[in-house]
Amino acid sequence: MPRQPHQHGSQPWMATIVTAMTPDERKRLERRFTAKIVVDSTGCHMWQGAHNGRYPTLSLKGRTVYGHQLAWTLEHGRAIRPGHQIDHTCRTPLCVNPDHLDEITRRMNILLGSGPSARNAAKIFCDRGHELFGENLYTTPNGWRVCIACRDGRNRKYAAKRKVAKLATAWLAEHGEATA
C-alpha cells in the first residue's frame, strides 16, 4: 500500500517526477488523471477516484499523491513553493480544476477557511462585546489577539482577590487564629 502524503505540505519530489517524464508518460498520466474527473455545473472538476475522506488521492511511481496538488503541478510545471499550500478557491476539496486552485501560504489557507482560527481572526468584538481593534487590541508575541478591557478586568479581579487573601491572613495572624 502506498504511504499517505503529508496532508498540507508541498511535495517537491512530485514535480521532479512530473518534469522528468517523457511526453508519452505525461500524456498517459494526464489521460489516467482526467478519466477520474466529472465536470459539474459550477465548473468544478470533481474527482471520482480514491480519496482519503477529504482530498483526492492517486498513486504516482508507487507513492500516494493528492490529486489537487498533482493538478496544480501539471498545470504550472513546477513544485509548490516551500511554506505554501494549494487552496481550493471553490471551497470543494474534491475539485481538481487547476483554475480553482491557488498557491498560498499556510496561514492564508487557514484564514480563508471556516475553522476556529479563521472565525477568531474575523472577530471585531470580544465575547463581552468590547471592540477588538485599535487601542483595545493587544497581539501577543505568538499572534493571539487579546481584548485589553477584558484583560485589565481580569487583572483587577485577581489583584482584589490577592488583597483580600492578604488582609484575611493578617487579621487571622493578629487575632491568634491558625492559618491553613
Side-chain angles (χ1 to χ4, degrees), residues 1-21 23 25-127 131-134 137-147:
M1 181 166 112
R3 75 170 215 244
Q4 287 294 314
H6 178 66
Q7 186 166 356
H8 293 292
S10 66
Q11 299 170 340
W13 55 267
M14 180 175 48
T16 305
I17 291 172
V18 170
T19 56
M21 287 180 166
E25 288 175 323
R26 188 177 169 115
K27 281 181 187 171
R28 276 194 303 275
L29 173 62
E30 289 172 353
R31 274 196 304 271
R32 186 174 136 227
F33 189 78
T34 55
K36 296 179 182 180
I37 296 171
V38 172
V39 180
D40 72 9
S41 61
T42 66
C44 284
H45 295 185
M46 298 303 293
W47 185 254
Q48 303 299 303
H51 56 85
N52 68 355
R54 182 162 171 85
Y55 296 109
T57 59
L58 71 153
S59 180
L60 179 65
K61 301 281 185 180
R63 296 176 82 172
T64 301
V65 298
Y66 283 117
H68 61 292
Q69 292 179 345
L70 180 60
W72 191 92
T73 301
L74 287 168
E75 178 73 15
H76 296 279
R78 66 173 175 83
I80 300 163
R81 291 178 287 175
H84 287 72
Q85 298 176 342
I86 301 304
D87 175 49
H88 293 83
T89 58
C90 59
R91 298 287 163 250
T92 307
L94 288 176
C95 177
V96 293
N97 182 347
D99 293 338
H100 294 189
L101 304 174
D102 196 15
E103 181 186 31
I104 61 175
T105 64
R106 182 176 193 280
R107 175 177 167 71
M108 184 58 65
N109 202 8
I110 290 169
L111 294 178
L112 288 172
S114 58
S117 297
R119 288 192 306 271
N120 283 327
K123 284 183 181 178
I124 57 172
F125 295 99
C126 76
D127 293 340
E131 292 179 345
L132 202 49
F133 51 88
L137 176 65
Y138 171 69
T139 304
T140 66
N142 65 358
W144 289 58
R145 298 178 333 135
V146 177
C147 171

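Owing to the predicted nature of the structure, the values given are computational and were not obtained by experimental measurement.
The shortest non-hydrogen separation linking L111 to S117 is CD2-O, 4.2 Å. In terms of heavy atoms, G67 sits closest to F33 at O-CZ, 3.5 Å. Nearest heavy-atom pair across G77 and T19 is O-CG2, 3.7 Å.
At least one donor-acceptor pair under 3.5 Å links the side chain of H84 to the backbone N or O of P82. Formation of a donor-acceptor pair under 3.5 Å by the R145 side chain with backbone atoms of N120 is found in this model. A donor-acceptor pair under 3.5 Å is formed between the side chain of N97 and the backbone N or O of G43. Using a distance-only test at 3.5 Å, with no hydrogens or angles considered, no donor-acceptor pair links the side chain of R106 to the main chain of G83. Of the possible donor and acceptor atoms, none in the side chain of W13 sits under 3.5 Å from a partner among the backbone N and O of T16. A donor-acceptor pair under 3.5 Å is absent between the side-chain atoms of T73 and the main chain of A79, judged by distance alone.
Using a 30° and 60° split on the angle between ring planes, Y55 and H88 fall in the parallel class, below 30°.
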For R32 and L58, run side chain to side chain contact (heavy atoms under 4.5 Å, CB included): C-alpha distance rounded to whole Å, both residues' side-chain angles, the deciding distance at 0.1 Å, then the answer.
CA-CA 10 Å; R32 186 174 136 227; L58 71 153; 3.7 Å; yes
Could you walk me through whether V18 and L70 pass the side chain to side chain contact (heavy atoms under 4.5 Å, CB included) test, one step at a time?
CA-CA 9 Å; V18 170; L70 180 60; 3.8 Å; yes
Go through it in stages, so that I can follow the logic: the residues are L94 and H51, the test is side chain to side chain contact (heavy atoms under 4.5 Å, CB included), and I'd like the CA-CA distance, side-chain angles, deciding distance and then a yes or no.
CA-CA 8 Å; L94 288 176; H51 56 85; 3.9 Å; yes
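Taken to the nearest 0.5 Å, the CG atom of L29 stands 13.0 Å off from the NZ atom of K27. Taking SG of C95 as the reference point, atom CG of D40 lies at 7.5 Å (rounded to 0.5 Å). Put simply, NE2 on H68 and CG on D87 are 9.0 Å apart, with the number rounded to the nearest 0.5 Å. To the nearest 0.5 angstrom, Q69 atom CD is 11.5 Å from L60 atom CG. Atoms CE and CD, on M21 and E30 in that order, are 9.0 Å from each other to the nearest 0.5 Å. Atom CG of L137 is separated from atom CD1 of I124 by 12.5 Å, given to the nearest 0.5 angstrom.
With a 4.5 Å cut-off on side-chain heavy atoms, R78 and W72 count as touching. The side-chain heavy atoms of W144 and T139, taken from C-beta on, include no pair separated by under 4.5 Å. In this structure, the side chains of I80 and Q85 stay at 4.5 Å or more apart for every pair of heavy atoms. Side-chain contact between Y66 and I86: absent, with no pair of heavy atoms (C-beta onward) separated by less than 4.5 Å. Within the 4.5 Å cutoff, no side-chain heavy atoms of T34 are placed close to those of H45.
Counting heavy-atom neighbours within 6.0 Å of R107 CZ, excluding the residue itself, gives a total of 12 or less.
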